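Just so we're clear, the structure is a prediction, and the values are computed from it rather than from any experiment. Chain letters run A, B, ... following the sequence lines, proteins first, then strands; residues in each count from 1.
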Number of protein chains: 2
Amino acid sequence: MDHVSVGLLGFGTVGTGVVHLLSDDQEQLQQRTGCPIQIEKILVRDKDKARKIKLDDHRLTENVSDIIDNPNIDVVIEVMGGIDEARHYILQALRNKKHVITANKDLMALHGSELLEAAADNHCDLYYEASVGGGIPIIRSLRDGLAADRIQKMIGIVNGTTNYILSKMSRQPVSYQEMLQEAQALGFAEADPTSDVEGLDAARKMVILSHLAYSIPASLEDVTIEGITRVEQEDITYSKKLGYTIKLIGIAEYENELIDISVQPTLLPAHHPLASVDNEYNAVYVYGESCGETMFYGPGAGELPTATAVVSDLITVVKNLSLGITGHHIFLPKLKKQCKPAEAISSQYFLRMHVLDKPGAFSKVSHLFKEQGISLEKLIQEPLIGDEKAEVAIITHETNKRTFENTYHLLKDLDVVSDVKSYYRVEGMN
Amino acid sequence: MDHVSVGLLGFGTVGTGVVHLLSDDQEQLQQRTGCPIQIEKILVRDKDKARKIKLDDHRLTENVSDIIDNPNIDVVIEVMGGIDEARHYILQALRNKKHVITANKDLMALHGSELLEAAADNHCDLYYEASVGGGIPIIRSLRDGLAADRIQKMIGIVNGTTNYILSKMSRQPVSYQEMLQEAQALGFAEADPTSDVEGLDAARKMVILSHLAYSIPASLEDVTIEGITRVEQEDITYSKKLGYTIKLIGIAEYENELIDISVQPTLLPAHHPLASVDNEYNAVYVYGESCGETMFYGPGAGELPTATAVVSDLITVVKNLSLGITGHHIFLPKLKKQCKPAEAISSQYFLRMHVLDKPGAFSKVSHLFKEQGISLEKLIQEPLIGDEKAEVAIITHETNKRTFENTYHLLKDLDVVSDVKSYYRVEGMN
């Protein structure tokens, strides 16, 4: 093999980073793979647009067929984003026996199984390290490093935008809306932040991780999703007073052939390693049967981290090509999935409510918890300034989701409770 | 290939864990590798000793030649520890074209280059994931995941015993000696703890990581080593007051073809991700040119985490065998090494000293720092109860090692300074 030819679909931030790395590190790359890597063609929307990187004009094309149907191209790198077009192009590339690398988490979360099957059918490689956690080699670690272990649970901070907003909110007494605007101004949040702040982006990543860790055909419908838009400064303040930090946490647990995947604002003990993952950083905390607790931490996004993950995958593909072993590493789901019922999902909870400030009020509340079989681990009560009410924040002992949600509804109906402001899961205690 | 035969050198804690994992997970392993794995022989000192795991008598041998010269054995797993014998056996096994997996960090730190060369010469695999950080796939990540990046610096907590002692000392007002005794009683420290508490064990791991990350023939002589035996409770208390945590930190930095490797008690900002790595846990924090900051966290030792790392390596070897690509992944040092001079090693420092409690005393101290060109970032002064002195703790701004050490000696000679109690590097600020 005298060289490997690469076609790029997309020349935005990540695409530019990939071209940058491939041209800067030519020599080192060749040393590592034993073979020069050449960028043959790049698909762009407009050939005439001004760009940061100067390339020969004939390298750019507006016609995707110049890449996915080009017999001279060995590897297609998809960094254009979006779903339908990208899916269509990748399937066509695989049919044409091209190996594919993608950074597209939305696509992998929605159509991962279909694409992986197409890759397996065509004996092609399909790698997607960059789709989760940018610079963190979490996918590779799940596939290779922890291969000898049975993974029981993963909890992760897998969205940089929401982590940035919550980190800042826990340092300054600002509201969610104010922080969102600052994050948008600084480029840490998009103009339309819905997919990030509503938890959808994190949910997609948890689907990809669950697929790999548990070998099940996880899909978005399996995920309970709650974003950070309703997190108030008071939730953060009371969490701190009780010794916790609020993060948007993805949880994926597999036990007795039952899966539970969720994304939601969650309290972590302040000394938990995930609690010091701040700003735009991501981290995934993995519980393995044999390995115990491991954590992978790094930048969740960004041009160079993401591009580095893409180039790592490219190095693997080039090595596979030289060794003639492409298509051997496709990980198709082998097990069936069934979602855990709410009765079987156990955790601790944080709950914040306003209670009338009169004799016997709190005794009614505590009686209700007792009746429901939930015991309380920690509690703070403080007067609400200028109001005849008290604010109460509680950390329960472990209970199950069904019982807790029932109790929540009963609390709301209690005459001495004027409002239940919020409740969140508490994780990372064991 | 109908099956892969494995010989084990050693049947202690890790060896038992490996046998345990291989027999428990037979089916899953075969699914992952496409090939059954069989333990052919285990080298023990005494066949008749009572053991936790029952095995057919003929599987045990007291004669190493039954394994390393046995034509039926494909892979030799060395979990016996020690240096000379282990080195000799591994070299012989490689000459006999057996692939080798070792968990022996002492051996890899001292003779890694020789063993890797022997593996390359014989087209054999040599994997050693378990030698650093037990359950953390750090070696694999450096080799594969970060392959597309240039690593600039690594700082790590790579010794569980010392981290256990320092974590406990920072939670309770106990002395180093008391905590060491507790750690020994609980089995977290050995009867002869020298190699751990003097920093030697951590230094060996930093040598192995430097070799991989920088592709240089690093050796123990390149490492500046200081253990934790002189860390006093007062150092921890003052660090906390200034916003820091003391950890035994290994640092390996490569810049302009100059290497700096050290192991020493070091202050980290309390919010740094490494600062919440507690007890027997390990973590390595990696600075990559493109990837930015990533961290790998997990249990540093223990029967199952270490055994899991060994079995991960075994899975890789078995896959390589099926694909006919063994011996392709040996990482020999490609670059020359030269140690950084003290003038070029820059960092912040913590310093604690006793100063006479009289007018003008502190002005003499601050004048000396000014003369040496070192500016101070933070300072606490407190009276020493029952003494005519004050205790002063300082965090300097960035300076170089040579200047700092000169200043230290000048301070000791200053008439108003009765004693300089300690000084440590400060890391993780940028």
What one should report as the nearest heavy-atom pair of Pro299(A) and Thr294(B) is CD-CG2, 3.9 Å

Spacing of [X] atom [atom1] and [Y] atom [atom2] [to the nearest 0.5 Å]:
{"X": "Arg150(B)", "Y": "Thr308(A)", "atom1": "CZ", "atom2": "OG1", "value": "11.0 Å"}
{"X": "Met295(B)", "Y": "Ser276(A)", "atom1": "CE", "atom2": "OG", "value": "6.5 Å"}
{"X": "Asp24(B)", "Y": "Glu289(A)", "atom1": "CG", "atom2": "CD", "value": "8.0 Å"}

Does the side chain to side chain contact (heavy atoms under 4.5 Å, CB included) test come out yes or no for Leu21(B) and Ser290(A), once each step is laid out? CA-CA 9 Å; Leu21(B) 284 178; Ser290(A) 309; 3.4 Å; yes

Is the distance between the ring centroids of Tyr297(A) and Phe296(B) under 6.0 Å? no

Assess whether atom CD of Glu257(A) is packed by more than 12 heavy atoms of other residues, nucleotides or ligands within 6.0 Å. no

